[in-house]
Student: 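Structure in C-alpha coordinates, see below.
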There are 2 protein chains.
Amino acid sequence: MSLLGPQLSRSFQSASPPPDDDHDLGRFGARMGFARNEEIYAQDEEADLFYRVVSGVVRTTHLTSDGRRHIGDFYYAGDVFGLDAGKTHRFSAEALTDCVVLVVRRAAVGRAADTDIALQRLIWTATCRELERTQAHLMLLGRRSACEKVASFLLEAANRAGGDLVTLPMGRQDMADYLGLTIETVSRMVTQLQSEGVVRFLDCRSFKVIRRPALEAMLA
Amino acid sequence: MSLLGPQLSRSFQSASPPPDDDHDLGRFGARMGFARNEEIYAQDEEADLFYRVVSGVVRTTHLTSDGRRHIGDFYYAGDVFGLDAGKTHRFSAEALTDCVVLVVRRAAVGRAADTDIALQRLIWTATCRELERTQAHLMLLGRRSACEKVASFLLEAANRAGGDLVTLPMGRQDMADYLGLTIETVSRMVTQLQSEGVVRFLDCRSFKVIRRPALEAMLA
DNA sequence: CGTTTCATTGAGTGCGATCAAGCCGTGTGG
DNA sequence: CCACACGGCTTGATCGCACTCAATGAAACG
(Lines give C-alpha, C1' and ligand atoms only; values in the text may rest on other atoms or scores of the structure.)
Protein backbone atom coordinates (compact mmCIF):
# COMPACT_ATOMS: atom_id res chain seq x y z
CA MET A 1 0.00 0.00 0.00
CA SER A 2 2.95 2.33 0.50
CA LEU A 3 3.20 2.12 -3.25
CA LEU A 4 0.01 4.14 -3.46
CA GLY A 5 0.81 6.81 -0.95
CA PRO A 6 2.84 9.33 -2.92
CA GLN A 7 0.81 8.97 -6.06
CA LEU A 8 -2.47 9.49 -4.29
CA SER A 9 -1.42 12.42 -2.20
CA ARG A 10 -0.07 14.12 -5.27
CA SER A 11 -3.21 13.59 -7.27
CA PHE A 12 -5.42 15.08 -4.57
CA GLN A 13 -3.60 18.38 -4.80
CA SER A 14 -5.15 18.85 -8.22
CA ALA A 15 -6.62 22.34 -8.52
CA SER A 16 -9.01 22.06 -11.48
CA PRO A 17 -12.14 20.18 -10.52
CA PRO A 18 -13.71 18.11 -13.30
CA PRO A 19 -17.14 19.29 -14.39
CA ASP A 20 -19.43 16.36 -13.65
CA ASP A 21 -20.30 12.98 -12.18
CA ASP A 22 -19.00 11.20 -15.25
CA HIS A 23 -15.55 12.73 -15.11
CA ASP A 24 -12.51 10.51 -15.16
CA LEU A 25 -11.33 9.26 -11.79
CA GLY A 26 -8.08 8.11 -13.37
CA ARG A 27 -6.01 11.03 -12.26
CA PHE A 28 -7.05 10.44 -8.63
CA GLY A 29 -5.93 6.90 -8.12
CA ALA A 30 -3.60 4.06 -8.91
CA ARG A 31 -4.39 1.01 -11.00
CA MET A 32 -4.00 -2.39 -9.39
CA GLY A 33 -4.48 -5.86 -10.83
CA PHE A 34 -6.04 -8.78 -8.97
CA ALA A 35 -6.17 -12.42 -9.92
CA ARG A 36 -9.36 -14.46 -9.85
CA ASN A 37 -10.49 -15.07 -6.23
CA GLU A 38 -7.88 -12.72 -4.85
CA GLU A 39 -9.03 -10.57 -1.97
CA ILE A 40 -9.15 -6.82 -2.60
CA TYR A 41 -10.07 -5.89 0.93
CA ALA A 42 -11.21 -7.85 3.95
CA GLN A 43 -14.34 -7.73 6.04
CA ASP A 44 -13.77 -5.57 9.15
CA GLU A 45 -10.70 -4.05 7.55
CA GLU A 46 -10.41 -0.34 8.07
CA ALA A 47 -11.93 1.54 5.18
CA ASP A 48 -9.56 4.19 3.95
CA LEU A 49 -9.76 3.42 0.25
CA PHE A 50 -12.47 3.02 -2.30
CA TYR A 51 -12.34 1.54 -5.77
CA ARG A 52 -13.58 1.66 -9.32
CA VAL A 53 -13.59 -1.39 -11.58
CA VAL A 54 -11.55 -0.84 -14.74
CA SER A 55 -11.97 -4.34 -16.14
CA GLY A 56 -13.23 -7.66 -14.85
CA VAL A 57 -15.86 -8.30 -12.19
CA VAL A 58 -15.74 -7.92 -8.40
CA ARG A 59 -18.03 -9.36 -5.74
CA THR A 60 -18.50 -8.24 -2.16
CA THR A 61 -19.23 -10.93 0.42
CA HIS A 62 -20.10 -11.06 4.07
CA LEU A 63 -19.47 -14.04 6.31
CA THR A 64 -21.54 -14.42 9.45
CA SER A 65 -20.11 -16.03 12.53
CA ASP A 66 -22.24 -19.13 11.98
CA GLY A 67 -20.65 -19.68 8.60
CA ARG A 68 -23.35 -18.41 6.27
CA ARG A 69 -22.11 -16.42 3.31
CA HIS A 70 -23.93 -13.50 1.80
CA ILE A 71 -23.08 -11.65 -1.39
CA GLY A 72 -23.69 -7.91 -1.33
CA ASP A 73 -23.32 -7.16 -4.99
CA PHE A 74 -21.39 -7.69 -8.19
CA TYR A 75 -19.45 -4.81 -9.73
CA TYR A 76 -18.62 -4.44 -13.41
CA ALA A 77 -16.35 -2.07 -15.34
CA GLY A 78 -17.12 1.50 -14.35
CA ASP A 79 -18.82 0.62 -11.04
CA VAL A 80 -17.55 2.12 -7.81
CA PHE A 81 -17.31 -0.11 -4.75
CA GLY A 82 -15.82 -0.06 -1.27
CA LEU A 83 -18.20 2.57 0.09
CA ASP A 84 -19.92 -0.07 2.25
CA ALA A 85 -18.34 1.24 5.37
CA GLY A 86 -18.64 3.16 8.55
CA LYS A 87 -15.19 2.90 10.07
CA THR A 88 -14.60 -0.60 8.73
CA HIS A 89 -15.86 -2.57 5.74
CA ARG A 90 -18.93 -4.66 6.45
CA PHE A 91 -18.12 -6.77 3.41
CA SER A 92 -14.98 -8.13 1.90
CA ALA A 93 -14.31 -7.64 -1.81
CA GLU A 94 -12.86 -10.31 -4.05
CA ALA A 95 -11.95 -10.50 -7.69
CA LEU A 96 -14.58 -12.71 -9.32
CA THR A 97 -12.52 -12.76 -12.50
CA ASP A 98 -9.05 -11.46 -13.12
CA CYS A 99 -9.50 -7.74 -12.93
CA VAL A 100 -8.00 -4.30 -12.77
CA VAL A 101 -9.30 -1.70 -10.33
CA LEU A 102 -8.57 1.92 -9.67
CA VAL A 103 -7.76 2.58 -6.01
CA VAL A 104 -8.62 5.97 -4.49
CA ARG A 105 -7.75 7.19 -1.03
CA ARG A 106 -10.94 7.60 0.92
CA ALA A 107 -9.63 9.68 3.78
CA ALA A 108 -9.64 12.59 1.39
CA VAL A 109 -13.39 12.68 1.65
CA GLY A 110 -13.29 13.16 5.36
CA ARG A 111 -10.54 15.74 5.48
CA ALA A 112 -9.01 17.06 2.27
CA ALA A 113 -12.05 16.82 0.03
CA ASP A 114 -13.19 20.21 1.18
CA THR A 115 -10.90 21.37 -1.57
CA ASP A 116 -12.38 19.12 -4.20
CA ILE A 117 -16.12 19.37 -4.43
CA ALA A 118 -16.37 17.41 -7.64
CA LEU A 119 -14.74 14.39 -6.02
CA GLN A 120 -17.03 14.65 -3.05
CA ARG A 121 -20.08 14.75 -5.31
CA LEU A 122 -18.82 11.79 -7.26
CA ILE A 123 -18.58 9.81 -4.06
CA TRP A 124 -22.02 10.88 -2.95
CA THR A 125 -23.49 9.91 -6.31
CA ALA A 126 -21.83 6.51 -6.11
CA THR A 127 -23.14 6.04 -2.58
CA CYS A 128 -26.65 6.89 -3.76
CA ARG A 129 -26.40 4.37 -6.58
CA GLU A 130 -25.20 1.78 -4.10
CA LEU A 131 -28.12 2.58 -1.84
CA GLU A 132 -30.60 2.23 -4.69
CA ARG A 133 -29.17 -1.12 -5.71
CA THR A 134 -29.18 -2.34 -2.13
CA GLN A 135 -32.81 -1.32 -1.73
CA ALA A 136 -33.76 -3.13 -4.92
CA HIS A 137 -31.87 -6.16 -3.64
CA LEU A 138 -33.72 -5.89 -0.35
CA MET A 139 -37.10 -6.10 -2.01
CA LEU A 140 -35.91 -9.02 -4.07
CA LEU A 141 -34.95 -10.96 -0.93
CA GLY A 142 -37.93 -9.91 1.09
CA ARG A 143 -41.03 -11.14 -0.62
CA ARG A 144 -40.27 -13.09 -3.73
CA SER A 145 -40.32 -16.76 -4.64
CA ALA A 146 -37.19 -18.65 -5.63
CA CYS A 147 -38.31 -18.62 -9.25
CA GLU A 148 -38.86 -14.86 -9.27
CA LYS A 149 -35.47 -14.31 -7.67
CA VAL A 150 -33.63 -16.32 -10.28
CA ALA A 151 -35.66 -14.80 -13.11
CA SER A 152 -34.89 -11.27 -12.03
CA PHE A 153 -31.24 -12.17 -11.59
CA LEU A 154 -31.02 -13.46 -15.13
CA LEU A 155 -32.93 -10.46 -16.47
CA GLU A 156 -30.57 -8.04 -14.79
CA ALA A 157 -27.60 -9.94 -16.13
CA ALA A 158 -29.12 -9.62 -19.60
CA ASN A 159 -29.68 -5.91 -19.11
CA ARG A 160 -26.09 -5.46 -18.03
CA ALA A 161 -24.87 -7.45 -21.00
CA GLY A 162 -26.94 -5.20 -23.24
CA GLY A 163 -28.24 -8.05 -25.36
CA ASP A 164 -30.04 -11.37 -25.24
CA LEU A 165 -26.90 -13.50 -25.23
CA VAL A 166 -25.34 -13.44 -21.78
CA THR A 167 -22.29 -15.01 -20.20
CA LEU A 168 -22.42 -15.02 -16.42
CA PRO A 169 -19.16 -14.31 -14.65
CA MET A 170 -20.26 -16.13 -11.50
CA GLY A 171 -21.13 -19.70 -10.63
CA ARG A 172 -24.26 -21.13 -9.02
CA GLN A 173 -22.98 -20.78 -5.47
CA ASP A 174 -22.47 -17.05 -5.94
CA MET A 175 -25.95 -16.72 -7.42
CA ALA A 176 -27.37 -18.63 -4.47
CA ASP A 177 -25.57 -16.50 -1.89
CA TYR A 178 -26.73 -13.36 -3.67
CA LEU A 179 -30.36 -14.45 -3.81
CA GLY A 180 -30.60 -16.05 -0.38
CA LEU A 181 -31.20 -19.51 -1.81
CA THR A 182 -29.32 -22.81 -1.89
CA ILE A 183 -27.32 -23.88 -4.89
CA GLU A 184 -29.75 -26.73 -5.50
CA THR A 185 -32.74 -24.44 -5.63
CA VAL A 186 -30.99 -22.09 -8.04
CA SER A 187 -30.19 -25.02 -10.26
CA ARG A 188 -33.77 -26.25 -10.18
CA MET A 189 -35.20 -22.83 -11.03
CA VAL A 190 -32.76 -22.44 -13.92
CA THR A 191 -33.89 -25.81 -15.22
CA GLN A 192 -37.52 -24.83 -14.77
CA LEU A 193 -37.17 -21.51 -16.57
CA GLN A 194 -35.47 -23.33 -19.39
CA SER A 195 -38.19 -25.96 -19.63
CA GLU A 196 -40.73 -23.15 -19.79
CA GLY A 197 -38.88 -21.83 -22.82
CA VAL A 198 -38.04 -18.51 -21.15
CA VAL A 199 -34.27 -18.87 -21.41
CA ARG A 200 -31.96 -21.33 -23.11
CA PHE A 201 -28.65 -22.31 -21.49
CA LEU A 202 -25.78 -23.16 -23.80
CA ASP A 203 -23.58 -24.23 -20.91
CA CYS A 204 -23.94 -23.52 -17.20
CA ARG A 205 -22.38 -20.07 -17.57
CA SER A 206 -24.01 -18.67 -20.72
CA PHE A 207 -27.60 -18.41 -21.85
CA LYS A 208 -29.92 -16.72 -24.29
CA VAL A 209 -33.10 -14.87 -23.37
CA ILE A 210 -35.88 -16.42 -25.45
CA ARG A 211 -39.02 -14.78 -24.08
CA ARG A 212 -38.04 -11.53 -22.42
CA PRO A 213 -41.63 -10.45 -21.68
CA ALA A 214 -42.18 -13.62 -19.66
CA LEU A 215 -39.03 -12.84 -17.69
CA GLU A 216 -40.09 -9.25 -17.10
CA ALA A 217 -43.56 -10.34 -16.01
CA MET A 218 -41.99 -12.18 -13.07
CA LEU A 219 -40.71 -9.01 -11.47
CA ALA A 220 -44.32 -8.05 -10.61
CA MET B 1 -44.46 24.10 -0.78
CA SER B 2 -43.89 27.63 -1.96
CA LEU B 3 -43.83 28.36 1.73
CA LEU B 4 -40.46 26.75 1.90
CA GLY B 5 -38.84 28.42 -1.06
CA PRO B 6 -37.64 31.74 0.37
CA GLN B 7 -36.64 30.32 3.69
CA LEU B 8 -34.56 27.60 2.15
CA SER B 9 -32.81 29.70 -0.43
CA ARG B 10 -31.89 32.19 2.21
CA SER B 11 -30.52 29.60 4.57
CA PHE B 12 -28.27 28.11 1.92
CA GLN B 13 -26.44 31.39 1.58
CA SER B 14 -25.16 30.93 5.07
CA ALA B 15 -21.45 31.65 5.22
CA SER B 16 -20.40 29.96 8.47
CA PRO B 17 -20.47 26.19 8.05
CA PRO B 18 -21.19 24.22 11.22
CA PRO B 19 -18.26 22.11 12.37
CA ASP B 20 -19.62 18.60 12.25
CA ASP B 21 -22.14 15.92 11.34
CA ASP B 22 -24.16 16.60 14.41
CA HIS B 23 -24.78 20.27 13.70
CA ASP B 24 -28.30 21.58 13.76
CA LEU B 25 -30.24 21.32 10.54
CA GLY B 26 -32.90 23.58 11.97
CA ARG B 27 -31.78 26.69 10.21
CA PHE B 28 -32.04 24.93 6.84
CA GLY B 29 -35.62 23.80 6.84
CA ALA B 30 -39.18 24.23 7.90
CA ARG B 31 -41.00 22.23 10.53
CA MET B 32 -44.13 20.34 9.50
CA GLY B 33 -46.51 18.25 11.54
CA PHE B 34 -48.15 15.03 10.36
CA ALA B 35 -50.92 13.03 11.92
CA ARG B 36 -50.72 9.29 12.48
CA ASN B 37 -50.89 7.42 9.15
CA GLU B 38 -50.64 10.61 7.15
CA GLU B 39 -48.47 10.41 4.05
CA ILE B 40 -45.33 12.53 4.03
CA TYR B 41 -44.35 11.73 0.47
CA ALA B 42 -45.54 9.19 -2.06
CA GLN B 43 -43.82 6.38 -3.86
CA ASP B 44 -42.69 7.53 -7.33
CA GLU B 45 -43.10 11.13 -6.28
CA GLU B 46 -40.34 13.39 -7.46
CA ALA B 47 -37.66 13.71 -4.82
CA ASP B 48 -36.78 17.32 -4.24
CA LEU B 49 -36.96 17.34 -0.47
CA PHE B 50 -35.48 15.34 2.32
CA TYR B 51 -36.42 15.21 5.97
CA ARG B 52 -35.29 14.86 9.56
CA VAL B 53 -37.54 13.52 12.27
CA VAL B 54 -38.00 16.00 15.12
CA SER B 55 -40.45 13.93 17.12
CA GLY B 56 -42.54 10.83 16.54
CA VAL B 57 -41.75 7.88 14.27
CA VAL B 58 -41.87 7.57 10.47
CA ARG B 59 -41.94 4.46 8.31
CA THR B 60 -41.07 4.11 4.64
CA THR B 61 -43.05 1.57 2.62
CA HIS B 62 -42.96 0.18 -0.88
CA LEU B 63 -45.94 -1.38 -2.62
CA THR B 64 -45.29 -3.80 -5.46
CA SER B 65 -47.68 -4.09 -8.37
CA ASP B 66 -48.88 -7.46 -7.09
CA GLY B 67 -49.98 -5.90 -3.84
CA ARG B 68 -47.19 -6.98 -1.52
CA ARG B 69 -46.07 -4.36 0.96
CA HIS B 70 -42.53 -3.92 2.11
CA ILE B 71 -41.22 -1.64 4.84
CA GLY B 72 -37.86 -0.04 4.18
CA ASP B 73 -37.14 1.31 7.63
CA PHE B 74 -38.40 3.09 10.70
CA TYR B 75 -37.07 6.55 11.56
CA TYR B 76 -36.91 8.04 15.04
CA ALA B 77 -36.14 11.51 16.32
CA GLY B 78 -32.90 12.75 14.80
CA ASP B 79 -32.92 10.34 11.84
CA VAL B 80 -32.73 11.67 8.32
CA PHE B 81 -34.96 10.10 5.66
CA GLY B 82 -36.09 10.74 2.11
CA LEU B 83 -32.70 10.07 0.55
CA ASP B 84 -34.03 6.83 -0.97
CA ALA B 85 -34.18 8.33 -4.40
CA GLY B 86 -32.75 8.64 -7.83
CA LYS B 87 -35.10 11.02 -9.55
CA THR B 88 -38.16 9.73 -7.71
CA HIS B 89 -38.75 8.12 -4.32
CA ARG B 90 -38.70 4.33 -4.41
CA PHE B 91 -40.60 4.31 -1.14
CA SER B 92 -43.39 6.34 0.34
CA ALA B 93 -43.07 7.78 3.83
CA GLU B 94 -45.86 7.81 6.37
CA ALA B 95 -46.23 9.04 9.90
CA LEU B 96 -46.34 5.96 12.11
CA THR B 97 -47.27 8.12 15.06
CA ASP B 98 -48.18 11.78 15.16
CA CYS B 99 -44.93 13.46 14.35
CA VAL B 100 -43.04 16.61 13.47
CA VAL B 101 -40.41 16.62 10.75
CA LEU B 102 -37.95 19.12 9.42
CA VAL B 103 -38.20 19.54 5.64
CA VAL B 104 -35.12 20.50 3.63
CA ARG B 105 -34.93 21.29 -0.07
CA ARG B 106 -32.92 18.59 -1.76
CA ALA B 107 -32.25 20.37 -5.04
CA ALA B 108 -29.68 22.43 -3.17
CA VAL B 109 -27.47 19.38 -3.05
CA GLY B 110 -27.40 19.15 -6.80
CA ARG B 111 -26.85 22.83 -7.51
CA ALA B 112 -26.37 25.29 -4.70
CA ALA B 113 -24.60 23.03 -2.22
CA ASP B 114 -21.30 23.82 -3.85
CA THR B 115 -21.43 26.79 -1.56
CA ASP B 116 -22.17 24.79 1.55
CA ILE B 117 -19.80 21.93 2.07
CA ALA B 118 -20.99 21.18 5.58
CA LEU B 119 -24.52 20.54 4.32
CA GLN B 120 -23.22 18.34 1.55
CA ARG B 121 -21.20 16.31 4.02
CA LEU B 122 -24.18 16.00 6.31
CA ILE B 123 -26.20 14.56 3.46
CA TRP B 124 -23.46 12.19 2.47
CA THR B 125 -23.09 11.02 6.05
CA ALA B 126 -26.82 10.43 6.29
CA THR B 127 -26.77 8.51 3.01
CA CYS B 128 -23.94 6.33 4.33
CA ARG B 129 -25.86 5.60 7.49
CA GLU B 130 -28.89 4.70 5.40
CA LEU B 131 -26.74 2.40 3.29
CA GLU B 132 -25.34 0.71 6.37
CA ARG B 133 -28.79 0.14 7.79
CA THR B 134 -30.07 -1.17 4.49
CA GLN B 135 -27.18 -3.61 4.24
CA ALA B 136 -27.81 -4.84 7.76
CA HIS B 137 -31.48 -5.25 6.85
CA LEU B 138 -30.46 -7.15 3.73
CA MET B 139 -28.49 -9.70 5.69
CA LEU B 140 -31.36 -10.06 8.10
CA LEU B 141 -33.77 -10.92 5.28
CA GLY B 142 -31.35 -13.06 3.35
CA ARG B 143 -30.32 -15.95 5.51
CA ARG B 144 -32.07 -15.91 8.84
CA SER B 145 -34.91 -17.88 10.33
CA ALA B 146 -38.18 -16.30 11.36
CA CYS B 147 -37.17 -16.56 15.00
CA GLU B 148 -33.83 -14.88 14.43
CA LYS B 149 -35.53 -12.10 12.49
CA VAL B 150 -37.99 -11.32 15.24
CA ALA B 151 -35.31 -11.63 17.92
CA SER B 152 -33.03 -9.16 16.19
CA PHE B 153 -35.94 -6.81 15.62
CA LEU B 154 -36.78 -6.78 19.31
CA LEU B 155 -33.14 -6.39 20.26
CA GLU B 156 -32.72 -3.39 18.01
CA ALA B 157 -35.89 -1.87 19.39
CA ALA B 158 -34.42 -2.34 22.87
CA ASN B 159 -31.14 -0.76 21.81
CA ARG B 160 -32.98 2.23 20.38
CA ALA B 161 -35.05 2.56 23.51
CA GLY B 162 -31.82 2.55 25.52
CA GLY B 163 -33.15 0.24 28.18
CA ASP B 164 -34.78 -3.10 28.77
CA LEU B 165 -38.33 -1.80 28.88
CA VAL B 166 -39.52 -1.08 25.37
CA THR B 167 -42.72 0.23 23.83
CA LEU B 168 -42.98 -0.53 20.14
CA PRO B 169 -44.49 2.22 18.00
CA MET B 170 -45.59 -0.23 15.31
CA GLY B 171 -48.05 -3.10 15.15
CA ARG B 172 -47.51 -6.69 14.08
CA GLN B 173 -48.28 -6.06 10.41
CA ASP B 174 -45.53 -3.46 10.19
CA MET B 175 -43.10 -5.82 11.87
CA ALA B 176 -44.07 -8.55 9.42
CA ASP B 177 -43.63 -6.32 6.37
CA TYR B 178 -40.26 -5.18 7.67
CA LEU B 179 -39.02 -8.70 8.30
CA GLY B 180 -40.47 -10.38 5.23
CA LEU B 181 -42.78 -12.58 7.28
CA THR B 182 -46.51 -12.94 7.76
CA ILE B 183 -48.27 -11.45 10.73
CA GLU B 184 -49.09 -14.94 12.01
CA THR B 185 -45.45 -16.00 12.00
CA VAL B 186 -44.38 -12.84 13.81
CA SER B 187 -46.99 -13.52 16.44
CA ARG B 188 -45.88 -17.12 16.87
CA MET B 189 -42.21 -16.17 17.23
CA VAL B 190 -43.07 -13.51 19.80
CA THR B 191 -44.99 -16.12 21.75
CA GLN B 192 -42.11 -18.56 21.44
CA LEU B 193 -39.48 -16.08 22.61
CA GLN B 194 -41.69 -15.29 25.55
CA SER B 195 -42.19 -18.92 26.44
CA GLU B 196 -38.41 -19.35 26.34
CA GLY B 197 -38.18 -16.59 28.92
CA VAL B 198 -36.16 -14.30 26.67
CA VAL B 199 -38.65 -11.45 26.67
CA ARG B 200 -41.82 -10.69 28.56
CA PHE B 201 -44.70 -8.85 26.87
CA LEU B 202 -46.87 -6.65 29.05
CA ASP B 203 -49.28 -5.96 26.24
CA CYS B 204 -48.85 -6.45 22.53
CA ARG B 205 -46.95 -3.17 22.14
CA SER B 206 -44.60 -3.17 25.09
CA PHE B 207 -42.17 -5.72 26.46
CA LYS B 208 -39.22 -6.22 28.75
CA VAL B 209 -35.95 -7.87 27.82
CA ILE B 210 -35.36 -10.66 30.34
CA ARG B 211 -32.33 -12.49 28.97
CA ARG B 212 -30.45 -10.11 26.71
CA PRO B 213 -27.53 -12.51 26.10
CA ALA B 214 -29.93 -15.10 24.69
CA LEU B 215 -31.34 -12.45 22.39
CA GLU B 216 -27.90 -11.35 21.26
CA ALA B 217 -26.83 -14.93 20.66
CA MET B 218 -29.50 -15.22 17.98
CA LEU B 219 -27.83 -12.65 15.75
CA ALA B 220 -25.02 -15.14 15.04
C1' DC C 1 -6.33 -41.62 -16.12
C1' DG C 2 -7.66 -40.29 -11.59
C1' DT C 3 -8.82 -36.30 -8.90
C1' DT C 4 -11.22 -32.26 -7.90
C1' DT C 5 -14.68 -29.05 -8.42
C1' DC C 6 -19.05 -27.60 -9.84
C1' DA C 7 -23.81 -28.49 -11.56
C1' DT C 8 -27.83 -31.30 -11.76
C1' DT C 9 -31.33 -34.41 -10.15
C1' DG C 10 -33.97 -37.14 -6.74
C1' DA C 11 -36.22 -38.27 -2.23
C1' DG C 12 -37.72 -36.75 2.07
C1' DT C 13 -38.24 -33.24 5.68
C1' DG C 14 -39.39 -28.98 7.92
C1' DC C 15 -40.34 -24.20 8.20
C1' DG C 16 -43.20 -20.65 7.26
C1' DA C 17 -47.47 -19.49 4.44
C1' DT C 18 -52.27 -20.05 4.08
C1' DC C 19 -56.82 -20.67 5.59
C1' DA C 20 -59.87 -20.46 9.40
C1' DA C 21 -61.36 -19.77 14.14
C1' DG C 22 -61.17 -17.68 18.44
C1' DC C 23 -59.65 -13.94 21.69
C1' DC C 24 -59.35 -9.43 23.61
C1' DG C 25 -59.37 -4.46 24.13
C1' DT C 26 -61.87 -0.52 22.44
C1' DG C 27 -65.56 2.11 20.97
C1' DT C 28 -70.55 2.81 20.10
C1' DG C 29 -75.32 2.87 20.77
C1' DG C 30 -79.45 1.34 23.12
C1' DC D 1 -74.86 -0.88 32.31
C1' DC D 2 -74.78 -4.30 28.83
C1' DA D 3 -74.90 -5.81 23.81
C1' DC D 4 -72.66 -5.60 19.88
C1' DA D 5 -69.40 -4.76 16.30
C1' DC D 6 -64.80 -3.90 14.89
C1' DG D 7 -59.81 -4.14 14.43
C1' DG D 8 -55.67 -6.13 15.93
C1' DC D 9 -53.56 -10.18 17.88
C1' DT D 10 -53.19 -15.09 18.79
C1' DT D 11 -53.77 -19.94 18.00
C1' DG D 12 -54.73 -24.15 15.35
C1' DA D 13 -54.68 -27.23 11.17
C1' DT D 14 -52.98 -28.04 6.83
C1' DC D 15 -50.27 -27.27 2.65
C1' DG D 16 -46.47 -26.33 -0.27
C1' DC D 17 -42.07 -24.36 -1.22
C1' DA D 18 -37.43 -24.43 -0.42
C1' DC D 19 -33.90 -26.82 2.39
C1' DT D 20 -31.31 -31.00 3.44
C1' DC D 21 -29.09 -35.08 2.41
C1' DA D 22 -27.45 -38.04 -1.07
C1' DA D 23 -26.19 -39.66 -5.54
C1' DT D 24 -24.96 -38.85 -10.20
C1' DG D 25 -23.15 -36.20 -14.14
C1' DA D 26 -19.99 -33.14 -16.38
C1' DA D 27 -15.98 -30.28 -17.00
C1' DA D 28 -11.29 -28.79 -15.77
C1' DC D 29 -6.77 -30.09 -14.31
C1' DG D 30 -2.60 -32.47 -13.11
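These figures come from a predicted structure and were not determined experimentally. So you know, we letter chains A, B, ... as the sequences are listed, proteins then strands, and number each from 1.
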Student: Tell me yes or no: between the side chains of A:T134 and B:T134, is some donor less than 3.5 Å from an acceptor?
Tutor: no
Student: Go along nucleotides 9-24 of chain C 5' to 3' and tag each nucleotide: B for a protein heavy atom under 4.0 Å from its base, S when only backbone or sugar atoms are that close, - otherwise.
Tutor: BBB----SSBB-----
Student: Rounded to the nearest Å, what distance is computed from the CG atom of residue A:L202 to the C1' atom of nucleotide D:dA26?
Tutor: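 Value for this atom pair: 16 Å.
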Student: With a 6.0 Å cut-off on ring centres, are A:Y41 and A:F91 close enough?
Tutor: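 For A:Y41 and A:F91, the ring centres are not under 6.0 Å apart.
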Student: Go through A:R160 and A:D79 one step at a time and tell me if the salt bridge (Lys or Arg N to Asp or Glu O under 4.0 Å) criterion holds.
Tutor: CA-CA 12 Å; A:R160 283 211 118 130; A:D79 292 343; 2.7 Å; yes
Student: Whole-Å distance between D:dA18 P and A:R172 CZ?
Tutor: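 My rounded result for the distance is 17 Å.
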Student: Would you check if B:L155 and B:N159 make a side-chain contact, meaning some heavy-atom pair closer than 4.5 Å?
Tutor: yes
Student: Would you mind listing every ring pair (Phe, Tyr, Trp, His ring centres under 6.0 Å) that reaches into residues 141-176 of chain B, with sequence neighbours excluded?
Tutor: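 Output for this query lists B:F153-B:Y178.
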Student: Between atom CZ in A:R205 and atom P in C:dT8, what is the gap in whole Å?
Tutor: 11 Å
Student: Using whole Å, what does the distance between atom P of nucleotide D:dG7 and atom CG of B:D174 come to?
Tutor: 17 Å
Student: From CZ of A:R36 over to P of D:dA28, roughly how many Å is that when rounded to an integer?
Tutor: 12 Å
Student: Could you tell me how far apart B:Q192 (CD) and D:dT10 (P) are, to the nearest whole angstrom?
Tutor: 14 Å
Student: Restricting to non-hydrogen atoms, name the atom on A:E39 and the atom on A:S92 that form the minimum distance, rounded to 0.1 Å.
Tutor: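 The pair with the smallest heavy-atom distance is OE2-CB, 4.4 Å.
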